Amino acid sequence: MTQAQATASHGEKVSLLRVLGPGHVWALGVGIVLVGEYMGWNFAVGKGGAVAALIACWFAGLLYTCVAMIDSEVTSTVAAAGGQYAQAKHIVGPLLAFNVGLFLVMAYTMLEAANAITLGYLVQAVGGMAGFEGGHDKPFIVLTIMFLAWLNYRGVYATLTFNLVITAIAFIAILVLFMAVTAAKVVPLNHAGLIHGETLPYGWMGVLAAMHFGLWYYLGIEGTTQAAEEVRSPARALPLGTMTGIITLLIAATMTWYICVGLMPWEYLGQATTPLFDAARLTSSVPLMVLLFIGTMFATLASANGCINDASRAWFSMGRDHYLPEWFGAVHPKYRTPFRSIIFLVPVALMFALGAPLDQVITFSILSGLLEYTVMSFNMIMFRNKWPLDTIKRGYVHPMHPLPAIVLLVLCGVTYFAVFLGYGTQLMAMMVFYIVASAWFHFHRYQFVRRGAQFTMNWPRPRGY
Amino acid sequence: MAKEGRYEPPKQSAFGQIFDSLFLLVLVSLSLFVPLWLGLAGGGKTELTFPEKTWQGMGQNDVTAAAFEKLGFTPETAHGIIASRFDYSFDPLTAIITALVITAYFIFVFRFSDKEYRDVIRERFGDK
């Protein structure tokens, strides 16, 4: 795609601005996800024990490597705002695209809410440690969401440059902690002593169950594609940013597990709200505590910031195509951002952040992501069948097709079962939501959508149609 | 591109746009909050019972006991954390129904998407 797609706004043709490079793409992907190392991943320890969490970390890493491989090929070819939504629209069809758009919005908005909850908790907890007892977390939750929405409203370049800086600091904080406990040995690690014989306290069922929160190490990396229309060279920057992002996360996830399991009893770790900050506390080093406090703050801010960016792009794209009311499809005439979508999603995020417990919000986010990954595996196979390699030029061709798609589908199946173990009601509630929304779209909303205009890529006719 | 037989969608009123937005908002809220209101949300948990609330009595060794103490816990305050366990027993029928609902959802979405997609391709590229 050579030109950003134009959008009518106030009678003028205004498009999103192409200003981003591979570093921004990396920051968008890793920035959303890195918070998973600072909180949430450790619930996998609670569900299956420390060793189960490590196995889940690697299997989830394999799942996301498949996601990144598939995403890189499709996105380097379908470089349009909305990412997987635009891909599904061109490859599978409108109803699935609508569902994928909703997966993205739900996953990111709930992740944003989870970040705001964690940030509020951390400020409240550290405030308590500093002698400010009785402080409330709610004002910080509201302030975080409002400030980041304002930043997103003002422009994508400033937003993602801000993300690049704070993500780098949050990643460096993990590296410094790792070096401090392994090379400088500020405190001894004792993995065997802290696991104390309970290698797999729930047996292999616990390993399966741990896959549920194992996804939290990486959830959101696929968000790199949301800014496709704002990247200067999508065919190069998107695969490069996504693949370096997944490598960064694999390293960070393994280091995080190694540090935390070597410092905390698994029973505590499995229920901790801010495990890396707790690890820093256990070193008794004030500079490390301050650094990990800042790292946790920055990781939650970067994630929430990226989530607002991605959710609003998906909502905007659906509005532009009339899958949702067209009012949402407008670009700000001055800041060139999807401002109405950004504003509309603020109260949604606030509702989740202020009204639901953290584990429920995280589970809904994971479920939406899981549905999206399931779709990706079918999407990839259909993409290669409808447009074989010799029919359209890809910016990147992933190897070993269809193995990544099949592995992805199998791992998704395992993860549905992992979520079912303990969170079956939420799984069913989510499925009912998507079934009702799909019926609403097909039988009502689709009447407002232009048919042929949805296919904007300069591709030949798909095979079999 | 084929111009004949092109579908012209109706213009949606402002009221219709507001109604559609609110409909989705209500649907999202219900899917999140109904399980919470009905008390059906959250993992099934159980509690281990220990003969006494000491580090040794709760199966802890010197290393874990020292770590708990450094985190500010006593055997009394750590008891709830150490005793808490997930209960992974489940009804196979519920698991089968859940799997069928997920499968039915994907079949429904892919079939209707394909039907819509054929219209898109016909309008974009013309009849074969």
Side-chain angles (χ1 to χ4, degrees), chain A residues 47 92-96 99 106 190 193-194 196 202 205 209 263-265 267-268 271 278 282 322 324-325 327 348 351-352 355-356 359-360 364 416 420-438 440 442 445-452 454-455 461-462 465, chain B residues 1 6-7 9-10 12 16-18 20-21 23-25 27-36 40-44 59-61 63-64 67-68 70-71 78 81-82 84-86 88 90 94-95 98-99 101-102 105-106 108-110 112-121 123-125:
Chain A
K47 279 194 96 174
V92 184
L95 178 58
L96 185 81
N99 275 267
M106 296 285 276
N190 191 340
L194 289 162
H196 63 99
Y202 297 98
M205 187 66 104
L263 287 173
M264 281 171 257
E267 295 98 324
Y268 173 79
Q271 298 171 55
D278 290 340
L282 285 166
H322 297 193
L324 291 175
W327 187 79
V348 179
M351 185 174 69
F352 291 132
D359 67 327
Q360 306 300 320
F364 272 84
Y416 281 115
F420 172 77
L421 292 173
Y423 292 82
T425 312
Q426 285 89 331
L427 178 56
M428 280 299 271
M430 206 67 169
M431 294 318 300
V432 169
F433 163 71
Y434 282 115
I435 289 168
V436 173
S438 297
W440 171 80
H442 181 76
R445 185 71 222 171
Y446 194 54
Q447 66 178 304
F448 300 109
V449 178
R450 292 185 186 282
R451 307 309 199 231
Q454 294 176 78
F455 199 103
R461 190 183 195 111
Y465 287 81
Chain B
M1 183 190 279
R6 179 180 290 182
Y7 174 74
Q12 191 179 25
Q17 292 194 44
I18 293 168
D20 278 1
S21 305
F23 173 81
L24 276 178
L25 201 58
L27 200 59
V28 170
S29 309
L30 288 178
S31 68
L32 177 75
F33 289 111
V34 165
L36 291 173
L40 297 170
Q60 303 300 303
N61 58 29
V63 179
T64 56
F68 268 118
K70 207 168 179 183
L71 285 162
I81 292 172
I82 296 168
S84 176
R85 288 286 189 278
F86 276 95
Y88 291 140
F90 65 91
T94 311
T98 306
V101 168
I102 295 170
Y105 162 74
F106 278 114
F108 167 73
V109 169
F110 273 91
F112 279 90
S113 286
D114 188 67
K115 196 173 164 218
E116 294 166 352
Y117 190 67
R118 287 182 187 279
D119 285 343
V120 171
I121 297 302
E123 203 172 282
R124 173 70 173 78
F125 293 96

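This structure is a prediction, so every number in the text was calculated from the model and none was measured. Residue numbers start from 1 in every chain, and the chains themselves are labelled A, B, ... in the order their sequence lines are given, proteins ahead of strands.
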Legend entry - Nearest-0.5 Å distance that lies between atom NZ in A/Lys47 and atom OH in B/Tyr88: 5.0 Å
With a 4.5 angstrom heavy-atom cut-off, could you sort out which part of [X] is near chain B: side chain, backbone, both or neither?
| X | answer |
| --- | --- |
| A/Gln447 | both |
| A/Leu282 | both |
| A/Phe448 | both |
| A/Met428 | side chain |
| A/Leu427 | side chain |
| A/Tyr465 | both |
| A/Tyr202 | side chain |
| A/Phe364 | side chain |

Inset, instruction - Could you tell me how the ring of B/Tyr105 sits relative to the ring of A/Tyr434: parallel (under 30°), tilted (30 to 60°) or perpendicular (over 60°)? - result: tilted
Inset, instruction - Quick one: sort the B/Phe33 and A/Phe352 rings into parallel, tilted or perpendicular, breaks at 30° and 60°. - result: parallel
Could you check whether any side-chain heavy atom of [X] comes within less than 4.5 Å of a side-chain heavy atom of [Y], counting everything from C-beta outward?
| X | Y | result |
| --- | --- | --- |
| A/Tyr416 | B/Thr98 | no |
| A/Val449 | A/Pro94 | no |
| A/Met205 | A/Leu421 | yes |

Legend entry - B/Tyr7: partners by ring pair (Phe, Tyr, Trp, His ring centres under 6.0 Å), with sequence neighbours left out: none
Legend entry - Exercise: identify the closest heavy-atom pair between A/His196 and B/Gly59: ND1-O, 3.4 Å
Inset, instruction - Begin from the C-alpha positions of A/Val432 and B/Ser31 and carry the test side chain to side chain contact (heavy atoms under 4.5 Å, CB included) through to its verdict. - result: CA-CA 8 Å; A/Val432 169; B/Ser31 68; over 6 Å; no
Relative to chain A, which of [options] shows the most heavy atom pairs under 4.5 Å?
| options | answer |
| --- | --- |
| B/Gln12, B/Arg118, B/Lys115, B/Gln60 | B/Gln12 |
| B/Asp114, B/Ile82, B/Leu25 | B/Asp114 |
| B/Asp119, B/Ile18, B/Leu24, B/Leu30 | B/Leu24 |

Hey, which of [options] has the most heavy atom pairs under 4.5 Å with chain B?
| options | result |
| --- | --- |
| A/Arg450, A/Gln454, A/Met430 | A/Arg450 |
| A/Met106, A/Met264, A/Gln271, A/His322 | A/Gln271 |
| A/Ala356, A/Pro462, A/Ala437 | A/Pro462 |

Inset, instruction - Could you give me the CA-CA distance, side-chain angles and deciding distance for A/Phe455 and B/Tyr117, then say whether side chain to side chain contact (heavy atoms under 4.5 Å, CB included) is met? - result: CA-CA 10 Å; A/Phe455 199 103; B/Tyr117 190 67; 3.9 Å; yes
Legend entry - B/Asp20, part contacting chain A, at a heavy-atom distance under 4.5 Å: both
Inset, instruction - Please state whether the side chain, the backbone, both or neither of B/Ala95 comes within less than 4.5 Å of a heavy atom of chain A. - result: both
